[in-house]
Each structure stands twice: as C-alpha cells, then as structure tokens.
Number of protein chains: 2
Amino acid sequence: MSEPVKKEVLIRARKILDEYLNDQNLRKTTERYAVLDELYKLPQDEHIDVESLFLKMRNKEYTISRATVYNSIDLLVECGLVVKHNFKDKNALYEPALTYEHHDHLVCNECFKIKEFLDPAIEDIKARVGESLSSKIKLHSLVFYGDCTISNCENLQRKQATS
Amino acid sequence: MSEPVKKEVLIRARKILDEYLNDQNLRKTTERYAVLDELYKLPQDEHIDVESLFLKMRNKEYTISRATVYNSIDLLVECGLVVKHNFKDKNALYEPALTYEHHDHLVCNECFKIKEFLDPAIEDIKARVGESLSSKIKLHSLVFYGDCTISNCENLQRKQATS
DNA sequence: ATTATTGCAAACGTTTTGCACTACC
DNA sequence: GGTAGTGCAAAACGTTTGCAATAAT
C-alpha cells in the first residue's frame, strides 16, 4: 500500500492555506485546517468523496458538519491545495494537490480501481490546442477507461470475493 | 452557426438503432426514435442535458416523459449512438456520436462555450499508458479548461450583455 | 394475449441554503 | 463587539424507482 504524504508536504500546505486566508481576509478556523489535514493523510492513490470524508472525521476526534466539509473543501480547491475530479457517473472525488507531480487517471472498467500516470505529451497537445483555439489553457482533465489485462488482477478478485 | 447533422447520418443512425433493438430483442418504440432524432438535430458543437431535451421535446409535437428521456438516452449511449460527457460540476451533457470524427473538448472559463478539437497524439498516450498499466483502454475523456485570448470574444460579450 | 415500455409521482443521494448560534478577529 | 463561519435541518437538484396504464410484438 502506498504511503501517505510526508509531514513536510503537509506543513507546506498549511503555510499556503495561512497565506491564502490572510490575503483574502478569511478566518483561520480549526475546521479548515482539519479538512486539509485529513485530505493530506490519504494514501497516494486514494481519492475520497465528501460523504466519506465527513464520516471519517466524525469517527475521529472532530466535530464537524457536512456543510462545513463542503465549504472547506471548496475553499481548498480554490486555493489550489486540493484537486476535484468528476469521473464518469460518480460523485466528485478529491485528492491533495501538492503531493506528487501532476498526474492523470486510468479507471478500470472491471474493478473501478483508479491508477495514476504521467505522460508529458499531454503538455504538447495542450500547447497546440491552446494555440489553435486561442485559449490560455489553465487546467486539463484526462481520464482513460479500460479493461484490465492482468490475468488475476487482485482488485478484481477482492471485488468478487465481497460480492 | 454550425449546421445540424446531414440527413444521411440520421438515416444511418436509425438503421443502427434498428439493428441494436433487433439483436437485443427490445421494442421499437416511437420515443426511442424521437430522442435519437432530436439529438441528431443539434448543431455540431452543441451539447444538451436531459432536462433541456425533455423540455424541448415537450414544446414540440412529442408527448414524452422525463423518465423515458432518461431511459432512451441511456440506451442510445449503450449502443454507441450518443456520447455522454461529465464536464466539471455540470450535469451530464449529450451529443450525437456518429456525426464527426471522435473529438475532445475545450471549455472556456469565461463564457463556458465548448469548442471541439482533435489531436492524434492522444492515441499515442493511450497506447503507452495502456501498455505500462496493463489495460486495454476503451474510452477516454480529455477536457481542457482555459481562458479565451480573443480580444473581444463574441461569446463573452453575448454573456455580459444578458447579465 | 403477453409483457416490455411508458408516464407519473414519489423516493433517492448529493449538494446547497437559511438561520440561529459560535468563535475568530 | 462585530461579523465570518459553523451546525443543523430543510430545500433543491438531478436522477432513479415502483407501479398501474399503454402499446409493441
């Protein structure tokens, strides 16, 4: 299993949030930092939805409301500390933004496991398209959906075992 | 403004639906063909959501229910005649699949206009990623989000005029 | 005639909102 | 002390579901 983000990254993320809240004259509430912490504690390839994050936090020391999880996570997306994904047909999923290089996602059609990849050619496409359609492209979302070709995929086996 | 799909394409689409319904032993209801027709009447770069399609059809000769629009459109996606998109934060949007070559989308951050593009390098990325992550990639979704660099973008002006 | 499909309205799950209360500045 | 932000519950929103009525085979 992949490791959660290093402590230094979390510290850097907290600092960025500090600055953002200062700049925007927003208040430094414990809830905002708590949501940041929880998201940055996720293992590398895990993506979480708001409801799961809410329940997870409720099961710990936190007393936080659903509405505040929604508000805080939106704020974290705005200041670039968290990335929001809208994969096919699913609720929004979130992951920390500072942790690793920018990456894209491959969703398995069979077990729904999400794998990450990085292919620099996407930047070339972005440059060409931005040029030809007169747009300064800020963000992209690239998702592949495929069938696993590993003969006994552990994710699929685990999924079958539980259903 | 772009033109709607040529009549030949619609005829071809209807034929494919015929065959699909035959093969699957499903019934040829007027509603299924009506939804297909309406979607294939859209101008090239227009994408529509279920509610708008439902209202549009209700305002015409059709008497169709929301549930049937949902059911029919799902069926059309399954048989490959219609493509479903999940752009950031928005409801699902649909467009006819047979009309033009496969293309991807650039969403304007300012006016939300959706432009289409085609860059073959995406297929190279797909091949590399499929190989390295052991997946037979079937589908992809590539969306760029950018700021328009056209000095007086007509879409933006139109939007500002109405707000 | 049989039964898949429809239309409607109610139910569902996620997200947003309104408002009184709380805690940050 | 003033007000941004919270918690809660209700509302809103897109979508799905159950079921009786309808229409395709």
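Here is the naming used below: chain letters follow the sequence lines, and residue numbers restart at 1 for every chain.
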Chemist: What's the verdict on side-chain contact (heavy atoms from CB on, under 4.5 Å) for Phe117(A) and Ile122(A), showing C-alpha distance, side-chain angles and the deciding distance?
Modeler: CA-CA 11 Å; Phe117(A) 66 87; Ile122(A) 190 65; over 6 Å; no
Chemist: Are Glu123(B) and Lys126(B) close enough for a salt bridge, meaning some N to O gap below 4.0 Å?
Modeler: yes
Chemist: How long is the line joining CD of Glu31(B) and P of dA21(D), in whole Å?
Modeler: 18 Å
Chemist: Lys28(A) NZ to dT22(C) P: how many Å, rounded?
Modeler: 24 Å
Chemist: Give the rounded distance in Å between these two atoms: CZ of Arg32(B) and C1' of dT6(C).
Modeler: 10 Å
Chemist: Report the distance from atom OG1 of Thr149(A) to atom NZ of Lys136(B), rounding to the nearest 0.5 Å.
Modeler: 8.5 Å
Chemist: Where the side chain of Ala67(A) is concerned, which of dT15(C), dA24(D), dC8(D) is the nearest nucleotide?
Modeler: dC8(D)
Chemist: Starting from the 5' end of DNA chain D, give me the residue, Thr29(B) or Asn71(B), whose nearest nucleotide shows up first.
Modeler: Asn71(B)
Chemist: Can you measure Tyr94(B) atom OH to dG14(D) atom C1' for me and round it to whole angstrom units?
Modeler: 10 Å
Chemist: For Ile114(A) and Phe87(A), what are the C-alpha separation, side-chain angles and deciding distance, and is it a side-chain contact (heavy atoms from CB on, under 4.5 Å)?
Modeler: CA-CA 10 Å; Ile114(A) 297 169; Phe87(A) 296 125; 3.7 Å; yes
Chemist: What is the distance from CG of Asn91(A) to P of dT16(C), rounded to the nearest Å?
Modeler: 12 Å
Chemist: Specify the separation, in whole Å, of atom CD1 of Ile48(A) and atom P of dT14(C).
Modeler: 13 Å
Chemist: Looking only at side-chain N and O atoms, does Tyr70(B) come under 4.0 Å of OP1 or OP2 in dT16(D)?
Modeler: no
Chemist: Nearest-Å distance, CG (Leu93(A)) to P (dT15(C))?
Modeler: 9 Å
Chemist: Count the heavy atoms belonging to other residues, nucleotides or ligands that lie under 6.0 Å from CD of Glu51(B), then report whether that count exceeds 12.
Modeler: yes
Chemist: Measure from OH on Tyr62(A) to C1' on dG5(D) and round the result to the nearest Å.
Modeler: 18 Å
Chemist: What distance separates Ile64(B) CD1 from Thr29(B) OG1, expressed to the nearest 0.5 Å?
Modeler: 8.0 Å
Chemist: If you compare every side-chain N and O of Arg27(B) against the phosphate oxygens of dA23(D) (OP1, OP2), does one of them come in below 4.0 Å?
Modeler: no
Chemist: Taking only residues two or more places apart in sequence, or in another chain, which ones meet Leu26(B) in a side-chain contact (heavy atoms from CB on, under 4.5 Å)?
Modeler: Tyr20(B), Leu21(B), Gln24(B), Arg32(B), Leu75(B)
Chemist: According to a strict under-4.0 Å criterion, is Arg66(B) in side-chain N/O contact with OP1 or OP2 of dT15(D)?
Modeler: no
Chemist: Side chain of Ala92(A) only, please: which of dG5(D), dT16(D), dT15(C) is the nearest?
Modeler: dT15(C)
Chemist: Name every residue in residues 49-60 of chain A that has at least one heavy atom under 4.0 Å from any atom of DNA chain C, in order of residue number, or write none if there are no such residues.
Modeler: none
Chemist: Can you tell me if the side-chain N/O atoms of Thr68(B) get under 4.0 Å from OP1 or OP2 in dG7(C)?
Modeler: yes
